[in-house]
Amino acid sequence: MEEKSLETLNGSVERIVYRNDQNNWTVLELEAGDKLHKVVGVMPMIGVGEILNLSGVWVEHPNFGIQFKAEYCERHLPAGEDAILRYLSSGVIKGVGQATAMRIVKKFGDKSLEIIEKQPQRLTEIKGISPARAGRIAEQFAQQFGLREVILAFSDYGITANEALRCWKKWGSESIDRIRSNPYLLCSSGLYIGFERADKISIDMGRSADDKNRLEAGLIYVLRHNLRNGHTCLPSDKLISVAAKMLGVEPEIVEQTLEDMVLKFDVKLETFTQRSFTFLPYVHNAEKYAAIRILMMLENPPKTVADTQLRIDYAEKRLGITYAKHQRQAISMALNKGVLILTGGPGTGKTTTLHAIIALLEDMGHRVAITAPTGRAAKRLSDVTAREAKTIHRLLEVKWDDDELPLFERNEKNPLEADAVIVDELSMVDSLLFESLLRALKSGCRLIMVGDSDQLPAVGAGSVLHDLITSGKLPCVQLSEVFRQALKSNIVLNAHEIVAGKMPALNYREGDFFFLPVRNTHQGVQTVLDLATKRLPAKYEFDIKNGIQILCPGRQGELGTRDMNRCLQDLVNPAGSGRDELVIEGMALRAGDKVMHVRNNYDIVWTKDGGGTGQGVFNGDIGILERVNKRERTLSVRYDDRVAIYAGQQAHDLELAYAITVHKSQGSEFDAVILPLFYVQPLLCYRNLLYTAITRAKSLLIIVGSSKTINDMVENNRKAMRYTGLCNFLMSAD
């Protein structure tokens with residue numbers, strides 16, 4: 001752990017100013033000597049009258065002044081009748097109010113807490129306390145006492161009070177014994193304590209490097225870590241090699257441990273093309289279920305539509321459109337097959353085809369649900385279809401458990417009412433979310449999946465669109481013809497050149513695609529800032545807050561999102577402008593800033609223009625911070641026609657969004673995109689990323705940078721290789 005220089009503060013609790021029962025963040029007043037000090041920190045179940053020995057740092061809050069931020073808290077029960085009365089009267093023990101507290105202290109004096117702990121049956125000597133109530137009071141007190149022991153014992157290992165509380169909720173009074181027996185239980189789901197910290201605790205306990213619990217936890221850690229890299233499984237030989245090197249032990253020991261874990265069903269093994277792969281059980285179940293469900297849908301398609309071609313002819317006359325051959329094929333398959341994949345790049349008529357499919361399904365009396373993985377993608381889908389589109393999470397009616405993991409109300413037992421579900425931007429859907437969607441489809445429901453396989457893969461684990469197409473098991477129509485109207489766009493032309501591995505034309509002097517070469521990073525920064533704040537607003541009707549979006553390959557460096565956002569905020573919404581601001585983890589959020597919401601949050605309340613309220617803001621939503629209430633620490637953010645209110649910790653879901661990463665832009669379109677490409681880190685220098693960035697621009701794209709960098713990205717067709725099981729399960733399932 002990083003060493004910190006901590007100060008101490010000891011005293012008695014005089015008043016609880018604020019307590020969040022969800023995360024146990026507490027603000028209290030502590031009497032130390034003759035002074036009252038404001039103390040903040042995670043301090044579960046603290047009661048008035050308790051004696052605290054705190055370790056922490058003094059900080060200055062912009063609104064509330066000097067405070068002591070407690071990192072560690074050692075608690076002692078109050079002594080003396082007055083302190084005990086204040087403690088019991090504070091409500092810290094459920095079932096004991098002020099009147100009951102007074103009767104207890106009057107009867108037992110300074111022995112009151114000892115009686116509650118060791119002789120709770122004596123509480124029945126007090127009028128109004130039955131044996132059952134005495135038992136409940138004793139149980140509540142025991143929980144308090146047990147939690148204190150856990151927090152105190154765990155603090156020796158550098159585990160914070162909040163982390164200790166999560167352990168207490170999971171194991172109760174057994175927490176200390178469990179962790180002392182196996183420190184790697186700290187890596188369990190929901191505790192958020194990493195392998196490295198658990199490993200340090202184990203080493204401090206004197207355990208050996210080849211401890212069985214350590215080897216098992218190390219293997220699980222490698223699998224979980226690679227989920228974040230997109231892999232749903234790993235080749236077993238590679239897993240053993242990586243884990244052995246990380247743990248500093250011989251591969252043979254790790255291999256034997258892995259075999260034992262298979263026998264205990266802690267991991268799952270599969271053999272693909274004569275090579276063994278290891279899965280975490282829940283990920284294995286997700287991909288295997290998805291494969292089986294898709295094959296069942298293919299084997300049991302909906303009733304065939306006899307007059308499909310006549311229906312398409314009628315749609316052409318009604319809408320004044322002549323569909324191309326592959327468009328007609330896609331529409332026909334959507335009406336007759338249980339499952340369909342529709343792919344294609346920009347300008348190939350995907351939206352037109354999708355619109356026809358929806359219209360004809362509705363003409364047949366089908367209830368059609370339209371969905372996409374992100375809020376911005378869902379909004380864009382609503383705009384092009386003129387129908388309501390929901391995020392997949394909202395469609396499935398997500399709830400969140402105590403570990404902030406999704407639980408979906410829509411599933412096999414409570415399926416969607418829809419007769420057809422259309423999913424756009426399928427390339428962004430990971431394996432676990434895909435499984436949840438399939439579980440919510442009723443028998444006979446059509447599933448039409450739309451995506452562009454040349455775009456970046458999902459942020460989560462899996463490669464659903466790629467695996468479905470590669471398996472060859474599903475009906476798939478790829479639209480490749482670029483229509484005449486789209487051919488007028490240099491953005492569209494260059495996007496298709498890039499997909500084909502060709503260098504885009506960079507010498508345009510008019511149109512919607514421009515390249516501005518720069519000699520170095522500094523010149524690149526100045527060019528981007530000048531374009532965003534002066535040149536483009538002067539020539540076009542949009543500006544950096546409405547229409548212009550800077551897309552960066554990554555977050556780091558002078559041309560990354562972090563530095564670019566700071567520079568742009570200083571230019572368009574500087575400090576000292578008289579606008580209120582809040583500082584969140586070192587980042588100033590100021591009234592007037594362009595911001596992005598970076599995590600699905602279904603609890604945030606919003607109000608729609610003209611009336612009506614709702615809840616939920618989604619990962620990738622971009623808005624304008626309209627108001628900062630420093631006193632109440634709330635923020636008001638406008639997203640199109642609605643204003644969302646952020647309170648307390650919810651503000652941590654916001655980032656500045658003058659510049660965003662290409663990954664965060666998936667599923668979105670912007671009027672004008674400025675793309676800085678002078679130097680791109682090797683891990684981000686590949687064709688998919690360039691193609692995704694260019695296809696985010698609707699009316700104007702300007703690349704600022706180096707033609708060599710662009711060429712390097714075009715030539716590197718290293719699509720992020722992912723180890724997954726879905727394709728193999730589809731191909732091998734009977």
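Taking the centre of each ring, His597 and Tyr646 come in below the 6.0 Å mark. Taking the six-membered ring for Trp and the full ring otherwise, His231 and Phe279 have centroids separated by 6.0 Å or more.
Inspection of the Thr724 and Thr232 side chains reveals no N or O donor paired with an N or O acceptor under 3.5 Å. A donor-acceptor pair shorter than 3.5 Å can be found between the side chains of Arg328 and Gln309. Under the 3.5 Å distance criterion, with hydrogens and angles disregarded, no donor-acceptor pair is assigned to the side chains of His652 and Arg599.
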Open item on the list: Please determine whether salt bridge (Lys or Arg N to Asp or Glu O under 4.0 Å) holds for the pair Asp467 and Lys473, giving the CA-CA distance in whole Å, both sets of side-chain angles, and the decisive distance to 0.1 Å.
Closed with: CA-CA 10 Å; Asp467 284 358; Lys473 295 286 187 177; over 6 Å; no

TODO: Show the numbers, then the answer: is there a side chain to side chain contact (heavy atoms under 4.5 Å, CB included) between Arg642 and Thr607?
DONE: CA-CA 5 Å; Arg642 57 198 170 100; Thr607 303; over 6 Å; no

- [ ] Under the side chain to side chain contact (heavy atoms under 4.5 Å, CB included) rule, what do Trp606 and Tyr639 come out as? Steps first, then yes or no, please.
- [x] CA-CA 9 Å; Trp606 48 261; Tyr639 296 104; over 6 Å; no

TODO: Would you sort out whether Lys238 and Tyr723 count as a side chain to side chain contact (heavy atoms under 4.5 Å, CB included), showing the intermediate values?
DONE: CA-CA 11 Å; Lys238 189 168 186 175; Tyr723 295 115; 3.6 Å; yes

Open item on the list: With salt bridge (Lys or Arg N to Asp or Glu O under 4.0 Å) as the criterion, how do Glu669 and Arg376 come out once you've worked through the C-alpha distance, each side chain's angles and the decisive distance to 0.1 Å?
Closed with: CA-CA 9 Å; Glu669 269 191 346; Arg376 289 189 69 85; over 6 Å; no

- [ ] Could you check Thr352 against Gln327 for side chain to side chain contact (heavy atoms under 4.5 Å, CB included), going step by step and ending with a plain yes or no?
- [x] CA-CA 9 Å; Thr352 302; Gln327 287 180 306; 4.0 Å; yes

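Between Ala243 and Leu219, the shortest heavy-atom distance links the atoms CB-CD2, 3.7 Å. Summarising the geometry of Ser665 relative to Val662, their closest heavy-atom pair is OG-O, 2.6 Å, with the distance given to 0.1 Å. Of all the heavy atoms in Cys233 and Gly725, the pair that sits closest is SG-N, 4.3 Å. Annotation for Gly338 and Pro301: closest pair N-CB, 4.0 Å, computed over non-hydrogen atoms. Contact record, Leu340 with Ala330: CD2-O, 3.4 Å, taken as the closest heavy-atom pair. Closest approach of Ala359 and Arg387 over heavy atoms only: CA-NH2, 4.2 Å.
Other residues, nucleotides and ligands place more than 12 heavy atoms under 6.0 Å from the NE2 atom of His284. Residue Met296 qualifies as open at atom CE: its count of foreign heavy atoms under 6.0 Å is 12 or below.
To the nearest 0.5 Å, the span separating NE2 on His225 from CG on Leu234 amounts to 10.0 Å. Considering CG of Leu381 and CG of Leu354, their distance stands at 6.5 Å, rounded to 0.5 Å. Expressed to the nearest 0.5 Å, how far CG of Leu447 lies from CG of Leu441 amounts to 6.0 Å. Atoms CG and CD1, from Leu438 and Ile292 in turn, are 11.5 Å apart once rounded to the nearest 0.5 Å.
The pair Arg722-Asp430 fails the salt-bridge criterion, with no side-chain N (NZ, NE, NH1 or NH2) lying under 4.0 Å from an Asp/Glu carboxylate O. With respect to Glu425 and Arg380, a salt bridge is recorded, a charged nitrogen being found less than 4.0 Å from a carboxylate O. Between Lys608 and Asp640 there is no salt bridge, since no side-chain N of the basic residue sits under 4.0 Å from a carboxylate O of the acidic one. Of the charged side-chain nitrogens involved, at least one lies within less than 4.0 Å of a carboxylate oxygen, so that Asp609 and Arg638 count as a salt-bridged pair. The pair Glu417-Lys442 does not meet the salt-bridge criterion, since no charged nitrogen lies less than 4.0 angstrom from a carboxylate oxygen.
In this structure a side-chain-to-backbone donor-acceptor pair under 3.5 Å is missing from Ser181 to Asp177. Without hydrogens or angle criteria, Ser175 side chain to Cys167 main chain gives a donor-acceptor distance under 3.5 Å. At distances below 3.5 Å, not a single donor-acceptor pair connects side-chain atoms of Arg367 with backbone N or O atoms of Ala420. With hydrogens and angles ignored, the 3.5 Å screen pairs no side-chain donor or acceptor of Asn728 with any backbone N or O of Phe272. Judged by distance alone, the side chain of Thr348 and the main-chain N or O of Gly345 form a donor-acceptor pair under 3.5 Å. Of the possible donor and acceptor atoms, none in the side chain of Thr271 sits under 3.5 Å from a partner among the backbone N and O of Gln274. Between the side chain of Glu655 and the backbone N or O of Met596 there is no donor-acceptor pair closer than 3.5 Å. Between the side chain of Thr692 and the main chain of Gln455, no donor-acceptor pair closer than 3.5 Å is present.
Looking at heavy atoms from C-beta onward, Met449 lies in side-chain contact with Leu468 at the 4.5 angstrom threshold. The shortest side-chain heavy-atom distance between Leu416 and Val421 falls under the 4.5 Å cut-off. Side-chain contact between Ser188 and Trp171 is present, with heavy atoms from C-beta onward closer than 4.5 Å. Side-chain contact between Ile220 and Met261 is present, with at least one heavy-atom pair separated by less than 4.5 Å. Side-chain contact check for His326 versus Thr353: every heavy-atom pair is 4.5 Å or farther apart. Taking the side chain as every heavy atom from C-beta outward, Ile645 and Val605 never approach each other to under 4.5 Å. Using a 4.5 Å heavy-atom cutoff, the side chains of Leu730 and Ile294 are in contact. Residues Val368 and Ile370 have side chains in contact (heavy-atom distance under 4.5 Å, counting atoms from C-beta outward).
Arg224 is linked by a side chain to side chain donor-acceptor pair (under 3.5 Å) to nothing, counting only residues two or more places apart in sequence or in another chain. Partners of Lys264 according to the salt bridge (charged side-chain N to carboxylate O under 4.0 Å, His left out) rule, which considers only residues two or more places apart in sequence or in another chain, are Glu216, Asp266. Shown here are the salt bridge (charged side-chain N to carboxylate O under 4.0 Å, His left out) partners of Asp452, two or more places apart in sequence or in another chain: there are none. With sequence neighbours excluded, no residue forms a salt bridge (charged side-chain N to carboxylate O under 4.0 Å, His left out) with Arg293. Scored by the side chain to side chain donor-acceptor pair (under 3.5 Å) test, Asp237 finds Arg275 as partners (sequence neighbours excluded). For Glu397, the salt bridge (charged side-chain N to carboxylate O under 4.0 Å, His left out) partners are Arg410, not counting sequence neighbours.
A side-chain contact (heavy atoms from CB on, under 4.5 Å) with Val423 is found for one member of Leu465, Val464, Leu437, Leu395 and no other, namely Leu437.
The cationic group of Arg439 does not satisfy the cation-pi geometry with Phe408, failing either the under 6.0 Å distance to the six-membered ring centre or the 45° limit from the ring axis.
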